[in-house]
Amino acid sequence: MRFGVVVFPGSNCDHDAWYAVSHNLGHQAEFVWHDSTSLGNADAVILPGGFSYGDYLRCGAIAKFSPVMAAVKKFAQEGGLVLGICNGFQILVESGLLPGALLRNRNLRFVCRPVTVRIETTNSPFTCAATKGQLMKVPVAHGEGCYFADQRTLDALEAEDRVVMRYIDNPNGSLRDIAGICSERRNVMGMMPHPERAADPLLGSTDGRIVLESMVRSMVSAHA
Amino acid sequence: MSDLAPSELEKVRKILGREPNQTETGIFTVMWSEHCSYKSSRLHLKKLPTRSDRVLVGPGENAGIIDIGQGYAIAFKIESHNHPSFIEPFQGAATGVGGILRDIFTMGARPIAVLDAIRFGPLDDPECGDRNRRILEGVVAGISHYGNCFGVPTVGGETAFERCYNGNPLVNVFALGVFRHDEIFFGRASGIGNPVIYVGAKTGRDGIHGASMASAEFTEESKQKRPNVQVGDPFMEKLLLEACIEAMHTGAVVGIQDMGAAGLTCSTCEMGSRAETGVEIDLARVPQRESGMTPYEIMLSESQERMLLVAEKGREEEVFAVFRKWGLDAVTIGEVTGDGKLRVKDHGVVVAEIPNRELADEAPLYERPHSVAPYRPAPMEAPDIPRSRDLNADLLELLASGDLCSKRWIWQQYDTSVRTNTLQGPGGDAAIVRIKETGTSVAMSVDGNGRYCALSPREGARLLVAECCRNLSAVGATPVAATNNLNFGNPERPEIMAQLVDAIEGISEACKHFETPITGGNVSLYNETLGEAIWPTPVMGIVGLMKTAPPVTISFKEEGRTVMLLGGLGTVDPTRFGGTQYAKVVLNKMWGLPPALDMDYEKRVHSAIREAIALGLAESSHDVGDGGLAVALAESCAEGIGASLSLDSALRPEFALFHEGPSRILVSTSAPEAIEKIARENNVECLRLGVTMKERLQIGNGSATHETWIDCRVDRLREVWENALENLLSPIPVG
């Protein structure tokens with residue numbers, strides 16, 4: 001499987017995502033530069049963490065205007081798998097590919113620590129290899145990860161089984177402990193925790209691999 | 001502003017053969033400032049060891065470089081940003097991080113780790129507590145802002161509190177990068193006729209005279225110097241990093257240097273001086289953020305995120321293309337000449353012309369008087385030390401104190417795991433990052449102790465080096481090289497200069513002994529406010545190497561394991577107890593001398609623990625440091641496993657539990673005999689203290705009396721230790 005890892009100016013987890021896919025999972029990964037209008041022949045796309053364009057405005061607010069995001073939108077409309085991690089999640093909500101917003105952490109401070117999240121649904125290409133209720137220990141590292149949406153949106157997300165993962169120990173004040181959600185068609189997911197930082201046995205946890213492995217599995221079955 | 005001394009002005013006249021103009025005077029003033037020229041310390045810095053088989057580049061470049069094998073190398077250095085962090089904590093600390101990161105990547109290395117040694121006045125100081133809390137919060141937010149956005153993990157450091165830092169906080173930042181031997185670049189303007197190219201942020205009026213500000217004492221007027229503090233843009237720095245490394249890979253870059261202290265002035269004359277060439281630039285071509293800047297302002301600006309590079313003539317376009325891709329300014333502002341002079345023009349008119357070598361390397365050197373005893377803030381004689389009424393309460397008080405409590409509140413604001421190399425982040429004895437390409441890992445420890453050094457700068461400095469090397473050994477790494485940050489008061493006072501000289505000699509002795517040459521560093525003098533100097537505070541950053549493997553951490557892992565003390569219980573007399581945390585926190589006193597150190601014995605303990613770890617015998621390993629054995633034991637219980645121990649010691653309980661004698665490492669193991677064998681072979685003591693168990697930490701006296709000294713639930717210890725800093729930062733308002 002070929003993963004495209006988008007590089008915005010200011011992305012800083014691009015290399016980590018590339019390494020997790022190529023070295024920890026043994027699949028192909030290629031970088032896609034932000035002013036590219038095509039995703040090449042990628043089977044799936046990762047929007048990595050970082051501070052795209054510095055994020056001096058709202059996180060992701062500039063990135064949504066970059067040429068590559070037009071290609072990402074088109075890719076998503078055609079059913080392609082798009083995973084947004086951290087800043088990638090922020091960009092997905094700013095782009096309207098996912099509902100809601102990511103506000104400053106409740107305590108107004110950046111937080112980096114391992115958190116435990118629970119997989120709430122396996123009905124997604126990002127969790128199909130997991131079991132429902134499975135716990136993952138993965139790090140978060142963000143200043144603006146407090147998931148917010150109005151009540152109707154939150155109810156709809158729950159009713160449509162689109163809350164993919166929830167924090168057990170909410171680090172940022174996210175409403176209803178939401179750590180990750182997917183799109184209506186379920187092919188776009190945003191999550192604040194970093195699965196690519198929990199993909200190597202040396203780093204203390206390999207729980208994050210399940211997200212990437214699920215993507216591979218669902219692509220394989222789609223190709224079959 | 002500190003100006004040129006009359007004798008210095010005379011030297012300038014001699015070099016130029018005429019009166020300097022205003023721009024030239026400004027250029028000499030910053031280049032010959034203490035900060036840039038090390039004029040008070042340089043004679044003594046020569047005493048430091050700087051060579052070993054691994055040292056590829058020693059002091060004098062932007063960072064030292066060490067060979068780590070398989071064609072790879074690491075570049076690292078520590079630098080201070082003390083003065084700016086007092087005036088404007090957030091930007092002062094942020095630009096401190098930015099500055100040291102540029103020092104690393106200007107050599108061609110990609111930064112992979114940052115550690116910070118930060119010191120403040122006490123958070124509960126009756127007069128300055130409010131301000132100290134605000135400074136700490138600002139400094140931490142600044143480090144977090146810059147490092148997190150840039151994308152380098154902040155993996156460790158230390159935080160300490162003393163009243164002497166009330167008016168003079170210390171912010172020392174260590175950074176380390178990795179690259180291949182064939183990717184090393186130098187700040188040299190080689191090749192006559194080659195273009196000199198300015199890249200990165202535009203030049204503004206910020207930071208003018210920052211270097212001279214950092215070379216003067218604080219007075220009431222210092223607060224008005226806020227405009228002298230630069231503003232950092234970590235996003236710009238990230239782009240600069242990627243663009244510089246990409247430009248270096250084109251092969252068209254001849255030399256490169258960042259514009260740090262003294263900005264364009266320092267980078268031009270140093271690059272010319274190192275290559276023994278001249279550099280001619282025209283300021284009209286320098287990208288400027290503000291209009292109407294004078295040559296003086298442009299040359300002295302310390303605007304951040306700028307680099308100067310020299311490219312091969314005819315290949316400029318390759319360099320420009322890279323910077324265009326990253327959206328950065330890159331402009332040819334001049335060329336390398338053969339006359340050895342820094343020639344600055346403004347729209348073609350010469351506004352300064354100074355020989356590079358004399359400017360960069362011929363700053364006056366001062367042999368400042370130091371033939372008096374170093375200043376000591378405390379008596380030598382021990383007071384009557386009262387018998388403790390409650391050793392449990394003493395331990396809890398220590399665990400809740402600023403110096404010893406968990407610094408989690410601080411380091412959770414730092415991205416510690418970006419780049420997926422962090423095997424051990426903050427909270428361990430040493431930080432460990434792996435090098436993905438080589439199968440080796442780099443361990444790092446930064447350490448200072450103003451209290452020890454105030455009692456004896458020489459002994460204190462030796463203890464620091466020993467402590468850093470012990471921290472590295474406690475995670476299984478072999479120490480290989482060091483950098484130091486010398487934070488002192490006004491060197492024009494002989495009793496302060498004597499502290500500096502003694503500390504440098506102490507570092508030198510210890511670094512020779514532990515085979516950790518100094519490859520670079522920083523000297524920060526004039527750390528005084530309203531005539532009150534900080535305690536002598538050298539900070540060491542030492543780097544070790546090890547095979548990549550899951551880290552051995554400090555926490556006890558399983559019940560029923562044997563707890564051992566490698567190195568033995570150590571000993572202490574009342575004089576040597578006066579610099580301990582117990583004396584500070586519980587007795588509220590300070591006296592005597594720091595703990596005694598036997599460097600030969602210390603080194604043998606290091607070998608023993610490294611051997612035990614390499615053989616997989618240690619389930620946990622923790623250096624006994626500040627706070628002594630009881631504090632180290634309490635920290636080892638932080639993940640919920642306690643221990644039942646007895647100390648067979650003739651010392652009174654306060655000494656046995658809390659003395660800070662060096663050369664000791666706590667180990668838990670299921671193979672005590674094997675560790676005892678290693679200890680015997682290394683000719684060091686090794687005691688079995690007891691066994692690990694659920695829920696409680698119990699420490700008793702193993703001799704005839706069988707008293708219980710400590711008995712406490714481990715979750716209580718942990719709660720006190722982990723929440724103390726947050727409590728200190730948000731005190732309950734009185735009334």
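A note on names: the letters A, B, ... follow the listed sequences, proteins ahead of strands, and every chain is numbered from 1. Just so you know, these numbers use all the heavy atoms, side chains as well, and skip hydrogens, waters and symmetry mates.
- A 6.0 Å sphere centred on CZ of Arg217(A) holds no more than 12 heavy atoms belonging to other residues, nucleotides or ligands.
- The shortest non-hydrogen separation linking Lys325(B) to Trp33(A) is O-CZ2, 3.6 Å.
- Counting heavy-atom neighbours within 6.0 Å of Tyr56(A) OH, excluding the residue itself, gives a total above 12.
- Distance CD/Gln413(B) to CG/Asn107(A): 7.5 Å, rounded to 0.5 Å.
- With values rounded to the nearest 0.5 angstrom, Asp415(B) atom CG is found 14.0 Å from Arg113(A) atom CZ.
- Using cut-offs of 30° and 60° on the angle between ring planes, the pair Tyr53(A) and Phe235(B) is tilted.
- Here the side chain of Asn12(A) pairs a donor or acceptor atom with the backbone of Cys149(B) at under 3.5 angstrom.
- For Ala330(B), the side-chain contact (heavy atoms from CB on, under 4.5 Å) test picks out Ile197(B), Val199(B), Phe320(B), Phe323(B), with sequence neighbours left out.
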Problem - side chain to side chain contact (heavy atoms under 4.5 Å, CB included) assessment of Thr420(B) paired with Asp200(A) - result: CA-CA 8 Å; Thr420(B) 59; Asp200(A) 190 322; over 6 Å; no

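- Considering all non-hydrogen atoms of both residues, Tyr414(B) and Cys112(A) come closest at O-CB, 3.1 Å.
- Both the backbone and the side chain of Asn148(B) have a heavy atom closer than 4.5 Å to some heavy atom of chain A.
- In Lys202(B), the NZ atom is not crowded: 12 or fewer heavy atoms of neighbouring residues, nucleotides or ligands sit closer than 6.0 Å.
- A 6.0 Å sphere centred on CZ of Arg106(A) holds no more than 12 heavy atoms belonging to other residues, nucleotides or ligands.
- Within the 4.5 angstrom heavy-atom criterion, atoms from both the backbone and the side chain of Pro9(A) approach chain B.
- Within the 4.5 angstrom heavy-atom criterion, no atom of Arg408(B) approaches chain A.
- The part of Ser144(B) that comes within reach of chain A is its side chain, from C-beta onward, which places non-hydrogen atoms under 4.5 angstrom from that chain.
- Distance check, rounded to the nearest 0.5 Å: NZ of Lys238(B) to CZ of Phe51(A) gives 11.5 Å.
- Residue Arg176(A) qualifies as enclosed at atom CZ: its count of foreign heavy atoms under 6.0 Å is above 12.
- The line from CG of Asn421(B) to CG of Asp16(A) is 7.5 Å long, rounded to the nearest 0.5 Å.
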Exercise for the section: Go through His194(A) and Val418(B) one step at a time and tell me if the side chain to side chain contact (heavy atoms under 4.5 Å, CB included) criterion holds. Expected result: CA-CA 10 Å; His194(A) 287 272; Val418(B) 65; over 6 Å; no

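- For Ala549(B), the part lying near chain A is the backbone, with the side chain staying farther off; criterion is any non-hydrogen pair under 4.5 Å.
- No more than 12 heavy-atom neighbours from other residues, nucleotides or ligands sit within 6.0 angstrom of NZ on Lys137(A).
- Comparing Arg197(A), His23(A), His142(A) by how many heavy-atom pairs each has under 4.5 Å with chain B, the most go to Arg197(A).
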